[in-house]
Structures are given as structure tokens and as C-alpha cells.
Amino acid sequence: MFPTHRPRRLRRTPALRRLVAETSLEPRHLVLPMFVADGIDAPREISSMPGVFQHTLDSLRSAAVEAVEAGVGGLMLFGVPKAEDKDPQGSGASDPDGILNVGLRALADELGDSTVIMADTCLDEFTDHGHCGVLTAGGTVDNDATLIRYVEMALAQAESGAHLLGPSGMMDGQVAAIRGALDASGYVEVGQLAYAAKYASAFYGPFREAVGSSLQGDRRTYQQDGANRRESMREVDLDIAEGADMVMVKPAMSYLDILRETADRSPVPVAAYQISGEYSMITAAAQNGWIDRDAAILESLTSIRRAGADVVLTYWASEVAGWL
Ligand code: PBG
């Protein structure tokens, strides 16, 4: 007549629940993606990502210091060049005076080794066609020609003080190409957080505004098809074999199964990226009064950690680190 098993006993008080919580969320688990823009004289809020800004060099420095003081594990920097500076090769990406490299030097100067400075190693912000690589005459993305540009970009980022490079373009062989060039140039200690399993996703929408993307069409010839799971394990294995120091799954919330499987097999730390659309959906629903914002943020981040992420990239990193 009475249940033999009563799992509810351990849920009765906050202290009991705290004692038996299986997943933790600490500031060090969180990485803050940041945008630094050329040619603006005040930080500019991204309209589809309320609360997230394109930074000037000055506001980048102060927001980065704030994040590090809140205890975040690291910063991931993206550059937003002026539209007139974009070209088919994405020259600004490897130019030492390109905005991303200038921003990396500002962070390195301000923070040194007190945090982990990461750089997005991808051409899409810098190309006038918006693709992650250079194009063939026929207009498709040329994998091997792109690797040459990634190498040039990677060396400029290492020279600018990045601790970890984040190749995110999903070109075949990108991790090995970058590793080889870093080693040959004396940057043996600069590592790679490889975007190993990166899916073509509708949830990147707000990011395209954040970086002023010029893209027409989609990235389905190089980013993965959301229907596939096994393919991700191959991508993860390849990136690790090519020398990735950490691997990433992206987006996070629609791909938690991929994240779990990656975490179960990976010998290196695993990151997940809670992307722009995930941020914007929760923000918009909360602004409408439809969900409790802070609770939804914590639940989403806890679920990503529970699925196996050692590290979570999230636009809420600084704020949430302050709560914890
Ligand atoms: C490519 C890159 C993208 C994001 C991070 N790196 C965009 C894309 O692949 O289209 C998306 C991040 C986000 O949506 O928050 N440089």
C-alpha cells in the first residue's frame, strides 16, 4: 500500500537537492564570446541579441576585464571589419592591422595570461561573399585553397597573443594545416579548440547580424547536416587525430545527443557553444514575460553541462559567472 521507493525524499529541501546535484556550473566553465568592430566610436547593441554588443577597442577591454573579474574561464573573440574592407580572400583576417588581430593584441595587453584568450579562426567575417573560405571560379568553397588562408590567419592570431585558436570553418584538414604551421613557426604552445562537430543551423541567424555577415545562401556544403550523428564522431576523431587540444560541438541545445556522445569518447576536453539563436530565443521569450529569464538561462547551461560539456561558450558567461 506504501511505495517502497521514494525518490522524492532527496528533493524535499534546497539543502538535500544541493547535496545530491550531479552537475555543477562554475564560472570557470563559461567562455564569453565577444565582438570587436572596426570603425565605430561607441559600443553598438546587436538588435537581435539584446544585451550583446559590438565593441570598440576600449569597451572590449573593459568588458573583458569585467568578465575575467567575474571569473569566466576564457574569452572568444570575433572581429567585425568595415564592409568596405572585405574582399574575396578575406585579407583582413591575416592582416596584423585587421580588427580581430588588433583586438587580440588589446586583450593580450590588458589581460596577459590571467585568462584564456581564444580567437575565431574563420574567414566569413572578412570575405565580401560571406563564406568561410575562398571560392573557386564556379563559386563553391575551395577547401585546399582555404587551408592556405587559415594558416596565414592562424599565424597572425598566434603572433597577436591568442592562447587558443578556434578553427570554425569546417574545411577538411584545417586542424592539421594550422598545427603544422604553428609548429614550424615556433608557436608550439598555441593550441586549438577545434569546432569539430559544427552543424548548418538556422539558429545562427542573429550572429549574422552580430558580425555584419555578407552571406547569401547557406553553408550546407561544408557545415554538417542536422540529420547526422555518426558523421560527427568521424569529425571529432579526425580533429583529435590532427592535433586538436579541445573539441567543440555547435550549436548546443539542439545537439545535446551529439555532445553526450562526443564527451563519452573524447580523450580531450569538450566544449559546446550556446549560439546566438539560443540566446535570442530565451531573451525574447523572457522579454514577453513567457518564461523566467534567469531560471531558463541556468537550466539551459546546466543541461549543456549535464550532456557532457566541460566548457560552455555562452553570451551570458559574464553575467552568470557573477551570479554563481
Ligand atoms: C563562423 C562562426 C559562426 C558562429 C561562430 N563562428 C557563424 C556561422 O557558422 O555561420 C556562430 C555563433 C553564433 O551563432 O552565436 N565564423
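In listed order, ligands and their atoms are each counted from 1. Counting begins at 1 with the first residue of the sequence.
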Sidechain N-carboxylate O distance under 4.0 Å for D109, R105: no
Hydrophobic clusters here meaning ILVMFWY residues chained together by side-chain heavy-atom distances under 4.5 Å, can you tell me if V68 and F35 are in one? no
Residue set satisfying side-chain hydrogen bond (donor to acceptor under 3.5 Å, both in side chains) with E159, at least two apart, ordered chain then number -> Y187
Nearest-0.5 Å distance, CG of residue L16 to CZ of residue R8: 13.0 Å
Quick one: does any side-chain atom of S213 pair with a main-chain N or O of G130 as donor and acceptor, under 3.5 Å? no
Output the set of protein residues with a heavy-atom contact under 4.0 Å to ligand 1, ordered first by chain identifier and then by residue number. F78, D120, C122, D124, E125, S168, K198, Y204, F207, R208, R219, Q223, K250, Y273, I275, S276, Y315
S318 OG to E69 CD distance, which is reported to the nearest 0.5 Å: 9.5 Å
